[in-house]
Novice: 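After the structure tokens below, expect a handful of questions from me.
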Amino acid sequence: MQSDIELIALSRKGNMLAFRQLVERHEVQVRSTVIGMLGETPEADDVSQEVFIRFYKALGNFRDEAALSTYLTRIAINLSLNELKKRKRKNTWLGSLKNDSPAYEMVDESEDPGRADMKDLLRKALKTLDADFRAVVVLRLIDGYSVKETAEILNLPEGTVASRLARAQNKLKTILSKWM
Amino acid sequence: MDVNDDKMKDKALALLIRSFDAELNLEEQQQLDQYLTSSEALRKEKKLLLEMRRGLAELKMVPKKNFADQIVRQINTQNQKLYNPGLQPIIMNLFPKVAAACVIVIVVAVLTTFFIEGNLSLEAFIGVQDLSPEDAYTLLDY
């Protein structure tokens, strides 16, 4: 099996089969990150595709010493955060048209989601976290990066990541115990 | 140590959560072990937290059918547009120049009319300001 670096070198020469292999190899990682951040929405698919298109365009600038999965995850997180900002702006604008509607979509924590399974409960609970906290949970607990790697991807001090992680878990636990 | 005391409870929970992602020092570890031994509620919290973390780790997606195909197709389409741009970029490029030229022509026409006719009425613009009805009749004869 060819390494990422070999496939990148081939992709740079225009070999689309090699690039396709890279996409297949990192698809799960990228989609898990984006869907963790945005939920299973049509935009999540667009953002996941955009991650690889941006990577293709930046093939010439990609430094081989960086791990490709970390590089792609960083793009995925940044694009997801942009998408969330866009969504919030849109909802704020729509909210200002209808005075009684909330400024942005929020999950009602007191709402009983019914007999949903644990995965659904977790996805719902994730939506209640602020984007910055959600990013930490997605990277550390869904993608499985270490606290140090998470800090590098988000460009934050390790202490900040650890404290956000603790607060996010505490909030998730509180919500889940209400629902379960 | 009373783990039911609110302050102590928060401290025990904080230690517990931190223990999943960071190595506690010996003293902290001993403290946490003591809390866990003495508190049924904390043991329940630990169980819930572990279940939650396991659940989150299972949120990994499965590969989506045709995902790679869609991306390759999009890249090919974009490359095609790059190498065979068609008329659109030429039109887009020319549009501001054409618009600027139109504005200049309109300004010159307005100024010329104003200086020659002395006003900016519709008659002055279409050049019939000084025509009398007889002139119009004569024109119809032709």
Side-chain angles (χ1 to χ4, degrees), chain A residues 14 16-17 19-36 40 44-45 48-53 55-57 117-123 125-126 137-138 140-144 146-147 150 158-159 161-163 165-170 172-177 180, chain B residues 6-25 28 31-32 35-36 39-83:
Chain A
M16 285 311 277
L17 277 176
F19 183 74
R20 199 194 146 93
Q21 251 181 288
L22 283 172
V23 174
E24 283 169 353
R25 196 175 284 180
H26 295 280
E27 173 197 341
V28 169
Q29 174 81 36
V30 167
R31 288 186 59 235
S32 297
T33 306
V34 174
I35 290 174
E40 285 194 70
D45 261 356
S48 303
Q49 289 180 12
E50 184 62 23
V51 171
F52 287 103
I53 291 170
F55 167 54
Y56 181 80
K57 286 178 182 166
D117 63 11
M118 185 66 169
K119 276 189 183 179
D120 288 337
L121 290 180
L122 282 168
R123 286 210 184 285
L126 263 179
V137 172
V138 168
R140 173 74 187 103
L141 300 177
I142 298 181
D143 292 346
S146 67
V147 172
T150 304
E158 278 183 53
V161 169
S163 80
L165 195 55
R167 284 171 62 189
Q169 284 181 94
N170 215 350
L172 286 177
K173 178 188 68 68
T174 311
I175 295 165
L176 286 176
S177 49
M180 283 168 80
Chain B
D6 273 352
K7 212 172 164 189
M8 206 55 102
K9 216 163 145 185
D10 288 347
K11 196 181 170 196
L13 189 62
L15 263 184
L16 175 66
I17 290 178
R18 198 150 65 82
S19 72
F20 296 130
D21 299 298
E23 212 170 297
L24 301 181
N25 64 37
E28 289 171 328
Q31 223 173 6
L32 178 62
Y35 289 144
L36 283 168
S39 168
E40 168 71 23
L42 193 63
R43 285 197 295 275
K44 271 190 186 161
E45 297 270 28
K46 183 179 181 181
K47 198 180 158 206
L48 178 61
L49 279 165
L50 285 174
E51 200 179 333
M52 184 185 86
R53 290 172 67 96
R54 211 173 303 123
L56 283 167
E58 284 168 8
L59 286 185
K60 277 255 175 208
M61 302 307 295
V62 288
K64 191 184 166 195
K65 208 176 158 192
N66 299 330
F67 182 79
D69 285 336
Q70 286 172 345
I71 290 167
V72 170
R73 210 175 306 132
Q74 275 198 49
I75 290 172
N76 285 337
T77 312
Q78 287 184 9
N79 283 346
Q80 222 168 5
K81 273 188 188 163
L82 199 68
Y83 296 117

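Just so we're clear, the structure is a prediction, and the values are computed from it rather than from any experiment. Chain letters run A, B, ... following the sequence lines, proteins first, then strands; residues in each count from 1.
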Novice: Is the backbone of B:Val62 close enough, under 3.5 Å, to the side chain of A:Arg31 for a donor and an acceptor to pair up by distance?
Specialist: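 Answer holds: yes.
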Novice: Pick whichever of A:Thr33, A:Leu126, A:Val23 has the most heavy-atom pairs under 4.5 Å with chain B.
Specialist: A:Val23
Novice: Do the non-hydrogen side-chain atoms of A:Leu122 and A:Leu176 ever get within less than 4.5 Å of each other?
Specialist: yes
Novice: Determine the option with the most heavy-atom pairs under 4.5 angstrom with chain B, choosing from A:Arg140, A:Glu158, A:Lys57.
Specialist: A:Arg140
Novice: With a 4.5 Å limit on heavy-atom distance, are the side chains of A:Arg20 and A:Phe52 in contact?
Specialist: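 In short, these two side chains do not touch, never coming nearer than 4.5 Å.
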Novice: Counting only heavy atoms closer than 4.5 Å, note whether A:Ile35 contacts chain B via side chain, backbone, both or neither.
Specialist: side chain
Novice: Can you confirm whether B:Asp21 sits close enough to B:Arg53 that some side-chain heavy atom of one is under 4.5 Å from a side-chain heavy atom of the other?
Specialist: yes
Novice: Heavy-atom cut-off 4.5 Å, strictly under: side chain, backbone, both or neither for A:Arg167 against chain B?
Specialist: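 No part of A:Arg167 comes within 4.5 Å of chain B.
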Novice: Would a distance-only check, ignoring hydrogens and angles, find a side-chain to backbone donor-acceptor pair under 3.5 Å from B:Ser39 to B:Leu36?
Specialist: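 A pair under 3.5 Å: no.
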Novice: Among A:Val138, A:Leu165, A:Val147, which has the most heavy-atom pairs under 4.5 Å with chain B?
Specialist: A:Leu165
Novice: In terms of heavy-atom pairs under 4.5 Å, which option from A:Arg123, A:Glu24, A:Gln21 contacts chain B the most?
Specialist: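 Option with the top pair count is A:Arg123.
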Novice: Quick one: does any side-chain atom of A:Glu27 pair with a main-chain N or O of B:Lys64 as donor and acceptor, under 3.5 Å?
Specialist: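 The answer is yes, because a donor-acceptor pair under 3.5 Å joins these two groups.
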Novice: side-chain contact (heavy atoms from CB on, under 4.5 Å), that's the test. Do A:Asp143 and A:Ser32 meet it? Break it down for me.
Specialist: CA-CA 7 Å; A:Asp143 292 346; A:Ser32 297; 3.9 Å; yes
Novice: Applying salt bridge (Lys or Arg N to Asp or Glu O under 4.0 Å), name anything that partners B:Asp10, two or more places apart in sequence or on another chain.
Specialist: none
Novice: Check for a donor-acceptor pair, side chain of B:Asn25 on one end and backbone N or O of B:Glu28 on the other, with a separation under 3.5 Å.
Specialist: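 Confirmed, B:Asn25 side chain pairs with B:Glu28 backbone.
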Novice: With a 4.5 angstrom heavy-atom cut-off, could you sort out which part of B:Asn79 is near chain A: side chain, backbone, both or neither?
Specialist: side chain
Novice: State, yes or no, whether a side-chain contact exists between B:Tyr35 and B:Leu13 at a heavy-atom distance under 4.5 Å.
Specialist: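 The answer is no, as the side chains (C-beta and beyond) never meet within the 4.5 Å cut-off.
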Novice: Go through it in stages, so that I can follow the logic: the residues are B:Glu58 and A:Met118, the test is side-chain contact (heavy atoms from CB on, under 4.5 Å), and I'd like the CA-CA distance, side-chain angles, deciding distance and then a yes or no.
Specialist: CA-CA 10 Å; B:Glu58 284 168 8; A:Met118 185 66 169; over 6 Å; no
Novice: As an exercise: rank B:Met61, B:Arg54, B:Arg18, B:Gln78 by heavy-atom pairs under 4.5 Å with chain A and give me the winner.
Specialist: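 Among the listed options, the one with the most contacts to chain A is B:Met61.
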Novice: Output the residues of residues 70-77 of chain B for which the shortest heavy-atom distance to chain A is under 4.5 Å, in residue-number order; output 'none' if no such residue exists.
Specialist: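 Only B:Gln70, B:Ile71, B:Val72, B:Gln74, B:Ile75, B:Asn76 of residues 70-77 of chain B have a heavy atom under 4.5 Å from chain A.
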Novice: What part of A:Ser163 gets closer than 4.5 Å to chain B, counting heavy atoms only: side chain, backbone, both or neither?
Specialist: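 For A:Ser163, no heavy atom lies under 4.5 Å from chain B.
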Novice: Can you tell me which portion of A:Ala162 sits under 4.5 Å from chain B's heavy atoms? Options are side chain, backbone, both or neither.
Specialist: neither
Novice: Side chain, backbone, both or neither: which part of A:Glu50 has a heavy atom under 4.5 Å from chain B?
Specialist: neither
